[in-house]
Amino acid sequence: MQKPKDVNTRGTAARPSVQIMGTSASATSQAAPFAPTHRADHQGNSMAERRRSLQSANIRNSKAKSIITNKVAPVVITNNCREEFQIHDKIQAANYSKGRISDLLPEHYLVLGEFFMVQDVYNRADVLNTTKSHGAPNFRKVKGNYPLFGMGQPSLSGFKQVIQRLQIDGCEEVIFICLREEPVVFFHSDGDFIPYTPRGRENLHENLHDLDRELSSEQIELSIRKELCDFAKLSENMFYVYNDIEHFKDEPKQVHILYYRLPLPMEGAPLEETFDAFVSILRETPNLSLMRDSSRPLPAMLFSCQVGVGRTNLGLILGALVFHHLQGASKSPRQEIQKSEHQLNFQVIQLLISRLPKGQQVLDEVDDAVAMCSEMHNIKDAVYENKLKLEGIAEDYQIQGSSTKGYFLQRTLQSLERYVYLLVFNAYLHDQVSSEFLATDLLSTAKEMKVANFRRVSKMALYGMAQPNSEALAVVMSYLTDQRRGHSTILWLNLQEELVLEANGQMFTPREPGCLEQPIPVCVQHPQQLQEMELALKQEILRCEKWLEVITEQDKQMRKFKSCHTIEELFVHQKSIHPGLSYQRIPLSDCCAPKEEVFDRLLEAMKSSLAEDPNCAFIFNCHNGKDRSTAAMVIATLTLWHINGFPECEEEEIVSVPDAKYTKGEFEMVMQVVRVLPDGHRVKREVDVALDVVSETMTPMHYHLREIIISTYRQIKMAKSEADAHWLRLRSLQYLERYIYLILFNCYLHLEKKDSWRRSFSQWMYQVAAKAGVYAILNHLGFSEFENPDDSPLARLRFRWLPHSVQSIPMRGQPI
């Protein structure tokens, strides 16, 4: 990166030898279908010229990493540094518009047809005076003990300073969410990269807003970066930016020419899609999961907008609400968090909380979050103050052609709308998390089906979901037996190996007080024993007639249960309504390969049901509708294909991405098994197709039973402790073993089909597979591509099959 060379002219410019740091999204360059990026009422040819300008700007943006100018043509070096090419496209000056801020300043090319590049943050915007000390304007931490931080837009070195400070403060993980909807690009100056934004001549202090919804902010930034390179080439390697827009002293300046982006509006509430995008960020972050390891600290969430006030404040409140649902109420002293004295007694708020479940609690939690994040801005105060100003205007008057009353009415409604949406978002969080330990509804089916992660395998009567309560069970049964689907025979297979009861309409499961996030699997010889234990637990609860401590929605509560039912009782009731319903409990261990006897039970249950009705529908549920349900659905898919015929398999896709060999399941241990099986490659390919078909039903989960093997193994190197590394190694080997067992089961289905699978899978494994050396491979399991399997005792079956848990659980009861 070369230092800019000063040119002493009135309209100064740059002669850059340019490497583009570029945009806030440089690390994720992408092609953009360029089009106008903002709304404007300008007449003439600006809109058409801007469209042509943007359309001509797309010169391999998806590949370009850096551009170096020379006397012949610009040289573009691609992202992976494997391709270098020169741009010989003739740049037409007519494609771009020129303009000047005033007659005293030079004319130059305009970004996006009409905008000037202005330094993003002016000094007076740093009210908290934290740029030098912390690296960013208005940097702050919310009141209380949540790791929530907000700031204005930093430079590159300022951002590094912020991250270093967070590391010093003990933050092990930082989630940076940029809330800006306006485009930002960075220019190299004095050893740093300084942020600039395009602005209109009419208001050089105001950012662009209401951008084209068809283009992301990152795409707009890429187009601006490309235009700036063109401007330099069209103007003898010179282009113009403005730092001082108050006095224009020595302007324009000469200059040389990374995360989540969540664009929030300057005023009013975000769109529903923006809230969805925020939730997607949460779902993609394991340490923000409800099932996270509670022994680890929460990751720091860092929100940033231009000056770190309005939009940052909204982001901080959203983060505070999420942390409340993850961790409970902030432990900050009450005197530190002063709530607003202004109560918003609007009818719309009163109506809303009267209709929301636990409406008053939802409102109180939002008010707490607003108070925690109110150091620079308070949403409730903004509503009240704008309302006060509106009521104080006796006679309306005009300011710049607009009604003053209309202005303050709009500001009041915008602030009120933002507050109302915070209430609705918090109610949504309550609805998604009925208990800290119930499944997160990643497929967003709870609203319609009353159960999380409900899904169907395409073109098959195969369904999966989380554990339903009585209400959800009734809804699902009505759905399956309606006129459109018309399933008259249904086999419901419950895969839970934990004790589960419905009490007062909610599902509960016993947990150890010190390990609340860890399920307690119950090992039994026969599933009927689980149901007997649940019945005994139910009777004990009803017999005690005392208030019991329960954990629900992250709060400890004392409850007295008026009703309590076992899962089997729920299904007995539904069978009285739907006689074609059958129910079985087949416990399955989470994350690892099913026991061979479990394969036998699943196959026998399906064979019996299909013998009675070939059109029988099959439903699988586990705790969260994710791991165990998916494994069972793959087993059922393979079984149905062997009975009804296999679909046509497309040619195997050639994938050229990192770890492609392993995401396709081609581990050395897997291929050893494939080589000893008759027609092993076809057997494996059929399993892969089944995995893909089932995984298509759960795309928002970003979860694939085959691909999770390598992704879990890769995390071992990033483990923060030996215990974490051991746990990840165990999980990756269990996932690998499960994949191998699915291949073995499919081979069994092929070889034993002629005898209608009279010999069980467990017998086949002992009598056939063992002689082929399969157990020897499983007893030496590991990732031999990367390490020696003998280095870990987990390579042995006896160690993998031992009970394992994240935290040690106290022993209860007596040996039997």
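For this chain, numbers begin at 1 and follow the sequence in order. Quick note: numbers below take in every heavy atom, side chains included, and nothing from hydrogens, waters or symmetry partners.
- Rounding to the nearest 0.5 angstrom, the gap separating the CG atom in Leu742 from the CZ atom in Phe599 is 5.5 Å.
- The aromatic rings of Phe783 and Phe667 stand perpendicular to each other, their planes meeting at an angle above 60°, with 30° marking the opposite boundary.
- Within a 6.0 Å sphere centred on CD of Gln763, other residues, nucleotides and ligands contribute more than 12 heavy atoms.
- A cation-pi arrangement is present between Arg485 and Tyr479, with the terminal nitrogen or guanidinium carbon under 6.0 Å from the aromatic centre and inside a 45° cone about the axis.
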task = Report the C-alpha distance between Arg455 and Met633 in whole Å, list the side-chain angles of each, state the deciding distance to 0.1 Å, and finish with yes or no for side chain to side chain contact (heavy atoms under 4.5 Å, CB included).
result = CA-CA 11 Å; Arg455 62 198 187 278; Met633 291 169 75; 3.6 Å; yes
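- In this pair, Phe571 and Tyr583 present their aromatic rings parallel. The plane angle is below 30°, not in the 30 to 60° band.
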request  = Take Ser589 and Glu497 through the test side chain to side chain contact (heavy atoms under 4.5 Å, CB included) and record every step on the way to the result.
outcome  = CA-CA 7 Å; Ser589 297; Glu497 61 175 353; 3.4 Å; yes
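- Using a 4.5 Å heavy-atom cutoff, the side chains of Ile635 and Met606 are not in contact.
- At distances below 3.5 Å, not a single donor-acceptor pair connects side-chain atoms of Arg682 with backbone N or O atoms of Asp679.
- Note: Trp764 and Phe761 have parallel aromatic rings, judged against thresholds of 30 and 60 degrees for the angle between ring planes.
- Between Glu498 atom CD and Thr509 atom OG1 the span is 6.0 Å, to the nearest 0.5 Å.
- In this structure a side-chain-to-backbone donor-acceptor pair under 3.5 Å is missing from Asn469 to Glu502.
- With rounding to the nearest 0.5 Å, the separation of CG in Leu581 from CD1 in Ile619 is 7.5 Å.
- Checked against Glu568 for a side chain to side chain donor-acceptor pair (under 3.5 Å), the options Gln531, Gln528, Arg585, His573 give a single hit: Gln531.
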key: ring-ring contact (aromatic ring centres under 6.0 Å, His included) between Phe786 and Tyr713, worked out   = CA-CA 10 Å; Phe786 313 116; Tyr713 178 81; 5.3 Å; yes
ask   = How far apart are the C-alpha atoms of Tyr748 and His642, what are their side-chain angles, what is the distance that settles it, and do they pass the side chain to side chain contact (heavy atoms under 4.5 Å, CB included) test?
value = CA-CA 11 Å; Tyr748 157 78; His642 277 275; over 6 Å; no
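- Side chains of Tyr739 and Arg706: no donor on one and acceptor on the other come within 3.5 Å.
- Salt-bridge formation is not detected for the pair Lys595/Asp600: no Lys NZ or Arg NE/NH1/NH2 atom is positioned less than 4.0 Å from an Asp or Glu carboxylate oxygen.
- To the nearest 0.5 Å, atom OH of residue Tyr463 and atom CH2 of residue Trp492 are 11.0 Å apart.
- Arg685 and Asp688 are not joined by a salt bridge, as no carboxylate oxygen comes within less than 4.0 angstrom of a charged side-chain nitrogen.
- In this structure, Glu722 does not pair ionically with Arg729, as no charged nitrogen and carboxylate oxygen lie closer than 4.0 Å.
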